[in-house]
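Side chains are part of it too, since the values below use all heavy atoms of this structure and drop only hydrogens, waters and symmetry mates. Position 1 is the first residue of the sequence, and the numbers go up from there. Predicted model, so just to flag it, every value in this text is computed and none were measured.
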Amino acid sequence: QVQLVESGGGQVQAGGSLRLSCAASGRTLRSYTMGWFRQAPGKAREFVAAISREESRTSYADSVTARFTISRDNAVNTVYLQMNSLKPEDTAVYYCAADSRWYIAPRQAMGVPSYEPDYWGQGTQVTVSS
């Protein structure tokens with residue numbers, strides 16, 4: 001069993017930055033593909049970014065490419081999402097996810113509406129004001 005706890009959300013003005021953290025307990029994250037997702041009010045869940053297990057390959061949604069960076073520190077069992085140049089449309093609850101499967105194309109596999117990881121975090125609110 002893996003418990004995921006997100007932190008780092010908050011309110012920021014457009015153009016600002018936030019760094020989200022996803023800390024895991026129960027098992028090492030080393031064996032998991034990790035992802036960040038978000039859901040805005042009244043909208044479907046959206047894939048944001050993913051990072052593979054050992055080699056740390058990353059993939060991003062088009063809407064956040066060049067602005068967001070996903071990274072992982074297996075030594076402290078934590079995954080991060082650095083968000084720069086934030087826009088009001090980035091406002092959402094952000095969730096991290098842990099998936100024991102390996103994907104050759106994470107964005108395609110994890111971006112489908114029916115996707116379900118092994119574990120979800122509880123979410124952290126990000127609000128970007130204009």
Side-chain angles (χ1 to χ4, degrees):
Q1 195 77 1
V2 175
Q3 292 79 42
L4 302 174
V5 178
E6 300 96 333
S7 61
Q11 186 164 356
V12 65
Q13 288 192 326
S17 298
L18 284 173
R19 188 195 196 200
L20 305 183
S21 299
C22 174
S25 60
R27 297 184 69 177
T28 176
L29 288 184
R30 193 180 304 273
S31 301
Y32 291 88
T33 299
M34 298 299 297
W36 283 97
F37 296 77
R38 65 188 182 187
Q39 188 164 21
K43 294 189 176 181
R45 184 189 69 199
E46 178 185 16
F47 168 83
V48 175
I51 187 166
S52 64
R53 297 181 296 187
E54 294 87 357
E55 67 272 27
S56 291
R57 290 182 299 114
T58 58
S59 58
Y60 299 92
D62 289 341
S63 58
V64 306
T65 296
R67 298 189 299 124
F68 290 11
T69 302
I70 188 172
S71 61
R72 66 192 301 160
D73 187 343
N74 290 333
V76 294
N77 237 20
T78 302
V79 176
Y80 304 98
L81 185 68
Q82 177 66 43
M83 306 186 296
N84 298 328
S85 302
L86 283 161
K87 304 175 181 180
E89 51 264 43
D90 294 318
T91 294
V93 177
Y94 284 70
Y95 300 89
C96 72
D99 192 328
S100 59
R101 293 162 289 191
W102 180 87
Y103 296 107
I104 192 169
R107 186 173 74 169
Q108 286 70 25
M110 301 170 77
V112 297
S114 59
Y115 169 77
E116 285 294 332
D118 295 299
Y119 304 101
W120 285 108
Q122 86 291 347
T124 185
Q125 176 71 46
V126 171
T127 303
V128 185
S129 57
S130 57

Please name all residues satisfying side chain to side chain donor-acceptor pair (under 3.5 Å) with Thr69, sequence neighbours left out, ordered by chain then number.
none

List the residues meeting side chain to side chain donor-acceptor pair (under 3.5 Å) with Thr58, not counting sequence neighbours, and say none if there are none.
none

Just how far is it from atom CZ of Arg72 to atom OG of Ser52, taken to the nearest 0.5 Å?
7.0 Å

Within the 4.5 Å heavy-atom criterion, are Glu6 and Val93 side-chain neighbours or not?
no

What verdict does the side chain to side chain contact (heavy atoms under 4.5 Å, CB included) test give for Trp102 and Ile104, after you've listed the backbone C-alpha separation in whole Å, the side-chain angles of each residue and the deciding distance to 0.1 Å?
CA-CA 7 Å; Trp102 180 87; Ile104 192 169; 3.8 Å; yes

What closest approach, in Å, do Ser130 and Ala14 show between heavy atoms, and which atom pair accounts for it?
CA-CB, 4.3 Å

Applying side-chain contact (heavy atoms from CB on, under 4.5 Å), name anything that partners Ala50, two or more places apart in sequence or on another chain.
Phe47, Ser59, Pro106, Met110

By side chain to side chain donor-acceptor pair (under 3.5 Å), which residues pair with Arg67, not counting sequence neighbours?
Asp90

Look only at the side chain of Thr78 and the backbone of Asn74, and say whether a donor-acceptor pair between them is shorter than 3.5 Å.
no

Hydrophobic cluster of Val5, others only, ordered by chain and residue number, side-chain cut-off 4.5 Å
none

Report yes or no: does Gln39 contribute a side-chain atom to a donor-acceptor pair with the main-chain N or O of Ala92 at less than 3.5 Å?
no

Check the pair Gln1 / Arg27 against side chain to side chain contact (heavy atoms under 4.5 Å, CB included), numbers first and verdict last.
CA-CA 7 Å; Gln1 195 77 1; Arg27 297 184 69 177; over 6 Å; no

Spacing of Tyr80 atom OH and Ser7 atom OG [to the nearest 0.5 Å]
9.0 Å

For residues 10-24, the side chain to side chain donor-acceptor pair (under 3.5 Å) pairs (sequence neighbours left out) are Ser17-Asn84

With sequence neighbours excluded, give me every disulfide bond (SG atoms under 2.5 Å apart) pair touching residues 98-130.
none

Salt bridge between Arg45 and Glu116, side-chain N to carboxylate O under 4.0 Å?
yes

Under the rule for side chain to side chain donor-acceptor pair (under 3.5 Å), what residues qualify as partners of Gln3, not counting sequence neighbours?
Ser25

Applying disulfide bond (SG atoms under 2.5 Å apart), which residue pairs with at least one partner in residues 101-130 are found, sequence neighbours left out?
none

Please list, chain by chain and in numerical order, all residues satisfying side-chain contact (heavy atoms from CB on, under 4.5 Å) with Thr28, sequence neighbours excluded.
Arg30, Asn77

Co-members of Tyr60 in a cluster of I, L, V, M, F, W and Y side chains, linked at under 4.5 Å:
Val2, Leu4, Val12, Leu18, Leu20, Leu29, Tyr32, Met34, Trp36, Val48, Ile51, Val64, Phe68, Ile70, Val79, Leu81, Met83, Leu86, Tyr94, Tyr119, Val126, Val128

For Phe37 and Ala97, the nearest pair of non-hydrogen atoms, with its separation, is CE1-CB, 3.9 Å

Residues in salt bridge (Lys or Arg N to Asp or Glu O under 4.0 Å) contact with Glu46, at least two apart in sequence or another chain:
Arg38

Any donor-acceptor N/O pair, Arg53 side chain to Arg101 backbone, under 3.5 Å
no

